[in-house]
Asks: 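Sharing a structure with you now.
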Amino acid sequence: MQWFTPFTISESPYPISHQSKVLSMGSCFAQTIGQKMVDHKFDCLVNPFGTIFNPSSLVKLLEAALFQDQFDEAEILERDGLYFHYTSHSDLVADSKEKLIQKLLAQRNLCKEYLEKGTHLILTLGTAWVYELVESGETVANCHKQPAAKFTKRLLSLEEMKTKLWSLFDNFSRVYSDLKIILTVSPVRHTKDGIPENQLSKSLLRVLCHELEIRNSRITYFPAYEILIDELRDYRFYKPDLIHPSAEAENYIWEKWQASNFSEETQQKTSQIHKINQELAHRPLNPKSEAHRRFLNNLSQKLERLNGEFDFSNEMTTIQKQLDI
């Protein structure tokens, strides 16, 4: 009996390997897929400004990296003795304005490095709904729990998003000619906007990705949204909040991602590293037993063989500390 309808995802013309340098930015899928790549020893910078949901804020941050723009101090706010910036997520926080600006500039410079030397940019679009400051009209990446009266909410138009992203990608094509762009629409449900409103937003983002893809051969689309919404299509593939994909769904999409974006050789190496990660996560019944020491020695030898190609130095140090107990 067939319980769901699978669909074919084309292999990317620009596969990612362990020699690639990848920047992953945007909504929660960018975080999930980026972190899985980091865990499997890919050189991937994940959301340097925290989770960013809307295309307008993503463009603003990427342009800041491209043009080395400064961050407007007028967009800094203070809450409970901590300082935040409206262009970034609350993950970027400091106990003074000066320290916050320093953090933002450091992330901007790191982002620029990954654009200059990078092979791939993954952009995950979460929502076309944005909040704008009443006082300035500026779009915010995060409201930082400020009173609703400070903002107006509106839906970005397709033409507005297309113009901003196309201008950004056009600049990239001149400055970073080797950079390949992978677009995705986040499968995370923005139910606080309302179910019809969320669907409207996702529909606009999907059309946006399509129109950008057909205009530039360096842009490809990965159907993370479609995999969860159509192929999996059941609430059991969500976490208890019924908003975010479950771990099983994330792993399923990760498998599809590998098949589409990794060469067969890279998939084999990723599988090998996955097995190593499983062994590293093993928790023994008796850490001082002779059986566990043999297990650690065998694992240490595997890491030594792989360490020439992948950096397992931290893991090897951890194992040695356990053996020295």
Side-chain angles (χ1 to χ4, degrees), residues 25-32 47-64 69-101 103-104 107-108 123-165 185-208 225 229 238-245:
M25 287 180 63
S27 191
C28 298
F29 178 76
Q31 185 71 37
T32 299
N47 273 341
F49 300 97
T51 306
I52 306 295
F53 300 100
N54 73 80
S56 183
S57 292
L58 277 170
V59 169
K60 187 173 182 179
L61 289 166
L62 286 165
E63 285 182 340
D69 293 337
Q70 299 299 311
F71 290 89
D72 190 350
E73 291 195 18
E75 295 185 53
I76 294 176
L77 66 139
E78 183 270 336
R79 191 183 84 229
D80 298 328
L82 297 174
Y83 292 85
F84 306 85
H85 202 281
Y86 278 125
T87 60
S88 66
H89 191 269
S90 55
D91 290 344
L92 264 72
V93 59
D95 57 12
S96 71
K97 288 184 178 182
E98 294 74 22
K99 289 180 182 177
L100 178 61
I101 291 294
K103 278 189 174 183
L104 288 166
Q107 295 303 92
R108 182 203 66 182
L123 278 186
T124 300
L125 311 179
T127 181
W129 289 101
V130 294
Y131 290 86
E132 296 171 337
L133 288 165
V134 172
E135 188 174 325
S136 65
E138 288 292 325
T139 299
V140 302
N142 197 291
C143 293
H144 300 300
K145 299 182 178 179
Q146 294 302 291
K150 286 190 173 185
F151 310 96
T152 56
K153 180 182 177 181
R154 73 178 181 93
L155 185 68
L156 295 170
S157 71
L158 177 60
E159 286 303 316
E160 183 180 3
M161 294 187 289
K162 190 163 56 173
T163 298
K164 287 184 177 183
L165 279 162
V185 174
S186 171
V188 175
R189 305 166 71 226
H190 288 248
T191 55
K192 289 183 179 179
D193 292 327
I195 298 299
E197 290 81 2
N198 176 65
Q199 288 297 82
L200 173 61
S201 166
K202 299 291 189 185
S203 298
L204 285 169
L205 295 177
R206 182 61 188 94
V207 175
L208 171 66
Y225 177 77
I229 297 300
Y238 286 87
K239 292 178 180 177
D241 63 7
L242 303 182
I243 293 173
H244 295 85

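The shown structure was predicted, so the numbers you read here are calculated from the model rather than taken from an experiment.
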Asks: Can you measure from CG (Asp91) to CZ (Phe84) and round to the nearest 0.5 angstrom?
Replies: 10.0 Å
Asks: Any donor and acceptor pair, going by atom type alone, linking the side chain of Gln107 with main-chain N or O of Pro48 inside 3.5 Å?
Replies: yes
Asks: So, does Ser201 use its side chain to make a donor-acceptor pair with the main chain of Ala128 at under 3.5 Å?
Replies: yes
Asks: When rounded to the nearest 0.5 angstrom, what distance separates CD1 in Ile52 from NE2 in His89?
Replies: 7.5 Å
Asks: Under 4.5 Å between any side-chain heavy atoms of Tyr86 and Leu77, yes or no?
Replies: yes
Asks: Pro245 versus Val188: any side-chain heavy-atom pair under 4.5 Å?
Replies: yes
Asks: Counting distance only, does the side-chain N/O of Lys202 pair as donor-acceptor with the main-chain N or O of Gly126 below 3.5 Å?
Replies: yes
Asks: Considering residues, nucleotides and ligands other than Tyr225, do more than 12 of their heavy atoms fall under 6.0 Å from its OH?
Replies: yes
Asks: From Leu156 CG over to Leu125 CG, what is the distance, rounded to the nearest 0.5 angstrom?
Replies: 10.5 Å
Asks: State whether the side chain of Arg108 and the backbone N or O of Asp69 hold a donor-acceptor pair below 3.5 Å, judged by distance alone.
Replies: yes
Asks: Should Leu104 and Phe49 count as side-chain neighbours, where that means a heavy-atom distance under 4.5 Å?
Replies: yes
Asks: Indicate yes or no for a side-chain donor-acceptor contact from Asn142 to the backbone of Thr87 under 3.5 Å, with no hydrogens or angles considered.
Replies: no
Asks: Any side-chain heavy atom of Thr191 within less than 4.5 Å of one from Asn198?
Replies: no
Asks: Among pairs that include at least one residue of residues 72-81, which meet side-chain hydrogen bond (donor to acceptor under 3.5 Å, both in side chains), considering only residues two or more places apart or in two chains?
Replies: Lys60-Glu75
Asks: Could you work out, with side chain to side chain contact (heavy atoms under 4.5 Å, CB included) as the rule, every residue matching Glu197, not counting sequence neighbours?
Replies: Trp129, Asp193
Asks: Roughly how far, to the nearest 0.5 Å, is the CG atom of Leu58 from the OG1 atom of Thr139?
Replies: 12.0 Å
Asks: Identify, with sequence neighbours excluded, every residue that meets ring pair (Phe, Tyr, Trp, His ring centres under 6.0 Å) alongside Phe53.
Replies: His190
Asks: Looking at OG of Ser88 and NZ of Lys103, how far apart are the two atoms once the value is rounded to the nearest 0.5 Å?
Replies: 10.0 Å
Asks: Is it the case that the side chain of Glu98 and the backbone of Ser96 share a donor-acceptor pair, with hydrogens and angles ignored and the cut-off at 3.5 Å?
Replies: no
Asks: Can you tell me if Lys99 uses its side chain to pair, donor with acceptor, with the backbone of Val93 under 3.5 Å?
Replies: no
